[in-house]
Amino acid sequence: MKSKIEILINAVVDDYCGLKGATKPEGFAYDLHPPKDSQHGDLSCNVAFKLAKVTRQKPAEIAAGLMNLLEQKSAQDSFVEKMELAGGGFINFYLTKSGLGAVLLEIHKQDKNYGKSEFGKGKKVILEFVSANPTGPLTIAHGRQAAIGDCLARILKFTGHTVHSEYYLNDAGRQMRMLAQSVWARYNELLGMEMPFPEDGYQGDYVREIARDIIEKEKKDSLLKESEEKAVEYCGLYAVKYLMGSIEEDLAKMRVHFDNYFSEKTLYVKHEVEHALEVLKGRGYLYESEGALWFRSTDLGDDKDRVVKKSTGEYTYLAPDIAYHLSKYERGYNMLVNFWGPDHHGYIPRLKAACQVLGYPPEAIHIGTVQLTTLFRKGQPVRMSTRAGEFVTLRELYEEVGVDAARFFFVMRRQESHLDFDLDLAKEQSQENPVYYLQYAHARIASLAKYAEQGITTKVDLKRLATPEEAELIGCLSQFSDYLIQASRSTEPYRLADYLRQVAACFHKFYSHHRVVTEDQELTKARLLLADATRIVLRNGLELLGISQPESM
RNA sequence: GACCCCGUAGCUCAGUUGGAUAGAGCAUCAGCCUUCUAAGCUGAGGGUCGCGCGUUCGAAUCGCGCCGGGGUCGCCA
């Protein structure tokens with residue numbers, strides 16, 4: 001219904017501008033959505049306010065002019081009950097009951113596709129997230145990034161983007177060497193050899209487990225016969241394989257999907273780092289100073305130029321990263337989304353600068369951080385320390401609270417905000433737990449199915465859905481696609497979680513005010529259709545969040 | 001010192017990118033199950049949207065300046 005009114009308004013705006021001799025600016029936009037207060041109709045439009053700047057008139061005056069034109073055009077339409085001027089320039093639409101309820105037929109028809117859009121048509125997105133170094137198990141922080149990234153991937157696909165999700169695997173560099181040496185040291189230790197543990201080595205128990213694994217499953221003590229260089233290299237490769245196996249298992253359990261794991265090492269092997277620096281050089285963004293190579297990132301908004309190749313001849317972390325992003329560009333992706341930990345915050349300007357040199361327009365680059373999570377137990381923060389090797393892993397978390405609760409809690413807040421994660425609440429099967437609130441609504445509806453003897457039918461009299469609770473619920477359901485587009489545009493999946501809570505709230509309210517199944521067969525059919533439409537929205541939405549949709553609870 | 005993020009009810013947070021009288025949940029208090037799932041619903045109390053200017057038809061939202069909290073600033077990764 002909304003789209004029909006939108007078409008109407010667009011036509012009228014054009015006419016009106018023509019009448020006033022004004023030109024509608026490029027990208028002219030206005031709002032049309034259900035107002036907060038249902039007294040203001042079913043759909044409220046602020047187009048007159050927006051036009052005020054164009055025609056330089058008072059909003060109320062414009063609104064009156066638009067109303068005239070609207071009345072002429074919509075005389076033959078049956079879905080608008082009445083239109084009203086209000087609030088100094090708002091145009092409010094009151095839909096007929098069948099006009100309002102028409103969305104239910106649409107939902108029923110589209111079913112699994114309801115909410116899809118072509119918003120992202122033509123956008124090929126490469127979505128990079130988690131990218132945790134394979135130097136230990138995934139932590140809570142990675143868990144949040146994983147949940148948010150995966151939800152966004154699902155949402156972007158649903159709104160018409162082509163999406164490729166990727167994990168950048170840092171399998172080269174200093175941290176890898178350190179890991180290899182740590183494992184090698186533990187290997188020696190387990191075999192009773194004297195060997196000092198590296199100063200900045202990884203202390204966690206898992207390092208010893210990897211060493212033990214090598215001894216038991218692979219090499220026994222044969223590494224001792226190799227040269228140290230070879231032995232350490234072997235330990236490194238084995239450790240990465242071992243840890244990535246564990247990481248991939250965690251991600252699979254969390255229902256997080258990656259289309260690809262991109263190895264940093266291949267960038268060196270294929271000389272893509274040199275290639276990337278050549279590209280920078282060719283475009284005039286590279287210079288030499290103090291024996292090092294610098295990227296002139298200040299030209300593109302960074303506050304300092306950055307070294308890409310040290311005077312020692314080694315690359316900095318930035319060099320392979322530029323090469324990686326060049327690969328993204330060369331693989332044809334025209335939109336970049338990266339989720340990083342908050343510690344990488346200061347790194348964003350330089351990479352954005354690099355991406356612009358590589359060919360991305362600024363508006364195609366979405367690099368954001370996901371803030372940390374603090375776990376709470378019995379009202380007290382759970383202490384986590386990576387250094388001491390005694391941190392709460394992602395695995396411990398989802399084994400304790402379950403994947404549904406973990407995913408929901410991780411995405412329910414704006415990712416730029418710090419998250420307080422209440423473990424007791426997430427486990428509690430009670431009214432306080434927000435994830436159950438949604439699932440409960442779904443289960444309640446599912447239990448109604450047995451009352452629909454011949455199934456859900458669309459041959460219903462929509463006029464029977466006449467109460468405020470029904471109108472509110474229908475209005476809410478009709479906005480699904482809007483919220484998904486918003487979530488896509490802002491790359492913020494929490495907006496979907498928030499919307500679904502609204503849907504559930506509207507449904508619970510409707511359900512407790514009115515009986516669905518009554519003696520009145522016509523009313524029953526109409527309400528069953530409404531309930532089923534709600535089920536479809538909840539199911540599609542929960543699926544996008546990667547949360548199960550129980551039939552009973 | 002520079003830059004970034006945050007500041008909304010006692011607590012945790014929304015607020016549809018500038019729209020109408022700022023909303024939820026928790027907590028507190030008072031109610032609702034012989035009828036479809038009470039993991040739910042209804043009602044009450046609770047606010048200088050950190051402070052001050054400005055931009056305009058209109059500001060919690062945008063700009064500038066303060067105050068308060070957090071973070072980042074390596075030829076580390």
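What you see is a predicted model, and the numbers here were worked out from it, not measured in a lab. Below, chains carry the letters A, B, ... as their sequence lines are ordered, and counting in each starts from 1. Only heavy atoms go into these numbers, but all of them, side chains included; no hydrogens, no water, no symmetry mates.
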Report task. Determine whether the side chains of A/Y285 and A/D305 contain a donor N or O and an acceptor N or O closer than 3.5 Å. Result -> no
Query raised in the report: Considering residues at least two apart in sequence or located in another chain, which fulfil the salt bridge (charged side-chain N to carboxylate O under 4.0 Å, His left out) criterion with A/E472?
Result: A/K509
Enumerate, atom names and distances included, each donor-acceptor pair closer than 3.5 Å involving a side-chain atom of residues 40-50 of chain A, sequence neighbours excluded.
| from | atom 1 | to | atom 2 | distance (Å) |
| --- | --- | --- | --- | --- |
| A/D42 | OD2 | A/L95 | N | 2.8 |
| A/S44 | OG | A/N92 | OD1 | 2.8 |
| A/N46 | OD1 | A/D31 | N | 2.7 |
| A/N46 | ND2 | A/D31 | OD2 | 3.2 |

Query raised in the report: Can A/H40 be called stacked on B/rA20 when the rule is centres closer than 5.5 Å and an angle between planes below 30°?
Result: yes
Query - Those residues of residues 46-53 of chain A lying under 4.0 Å from RNA chain B by at least one heavy atom - result: A/N46, A/F49, A/K50, A/K53
Query raised in the report: When the P atoms of B/rU61 and B/rU16 are considered, how many whole Å apart are they?
Result: 12 Å
Requested in this report: Applying ring-ring contact (aromatic ring centres under 6.0 Å, His included), name anything that partners A/Y315, two or more places apart in sequence or on another chain.
Outcome: none
Query raised in the report: Who are the ring-ring contact (aromatic ring centres under 6.0 Å, His included) partners of A/Y261, not counting sequence neighbours?
Result: A/Y167, A/F258
Query raised in the report: Hey, does the side chain of A/K310 come within less than 4.0 Å of B/rG74's phosphate (OP1/OP2), counting only N and O?
Result: no
Using atom types as modelled, flag every donor-acceptor pair under 3.5 Å from a side chain in residues 173-183 of chain A to any protein atom, sequence neighbours excluded.
| from | atom 1 | to | atom 2 | distance (Å) |
| --- | --- | --- | --- | --- |
| A/Q175 | OE1 | A/N133 | ND2 | 2.8 |
| A/Q175 | OE1 | A/Y202 | OH | 3.4 |
| A/S182 | OG | A/M178 | O | 2.8 |
| A/S182 | OG | A/Y202 | N | 3.0 |

Requested in this report: May I ask you to check whether A/F262 and A/Y324 place their ring centres under 6.0 Å from each other?
Outcome: yes
Query - Strand contacts (RNA chain B) in residues 477-493 of chain A, 4.0 angstrom heavy-atom criterion - result: A/Q479, A/Q486, A/S490
**Report entry** Within residues 519-541 of chain A: residues closer than 4.0 Å to RNA chain B (heavy atoms)
**Finding:** none
Report task. Name all pairs fulfilling the salt bridge (charged side-chain N to carboxylate O under 4.0 Å, His left out) condition that reach into residues 291-303 of chain A, sequence neighbours left out, sorted by first residue then second. Result -> A/D302-A/R306, A/D303-A/R306
Query raised in the report: Which one, B/rG40, B/rC36, B/rA20, comes nearest to the side chain of A/K36?
Result: B/rA20
Query raised in the report: In dot-bracket notation, what is the pairing pattern of RNA chain B, taking Watson-Crick (N1-N3 plus N6-O4 or O6-N4) and G-U wobble (N1-O2 and O6-N3) contacts under 3.5 Å, with [ ] crossing and | for other strands?
Result: (((((((..((((.....[...)))).(((((.......))))).....(((((..]....))))))))))))....
Report task. Taking ring-ring contact (aromatic ring centres under 6.0 Å, His included) as the test, write out the residues that go with A/F119, two or more places apart. Result -> A/H161
Query raised in the report: Within the stacking criterion (centroid distance below 5.5 Å, interplanar angle below 30°), does A/Y437 stack on B/rA39?
Result: no
Query - Residue list, side chain to side chain contact (heavy atoms under 4.5 Å, CB included) with A/A441, at least two apart or on another chain - result: A/A504, A/F507, A/H508, A/L538
Query raised in the report: Does a nitrogen or oxygen in the side chain of A/R413 sit under 4.0 Å from OP1 or OP2 of B/rA14?
Result: no
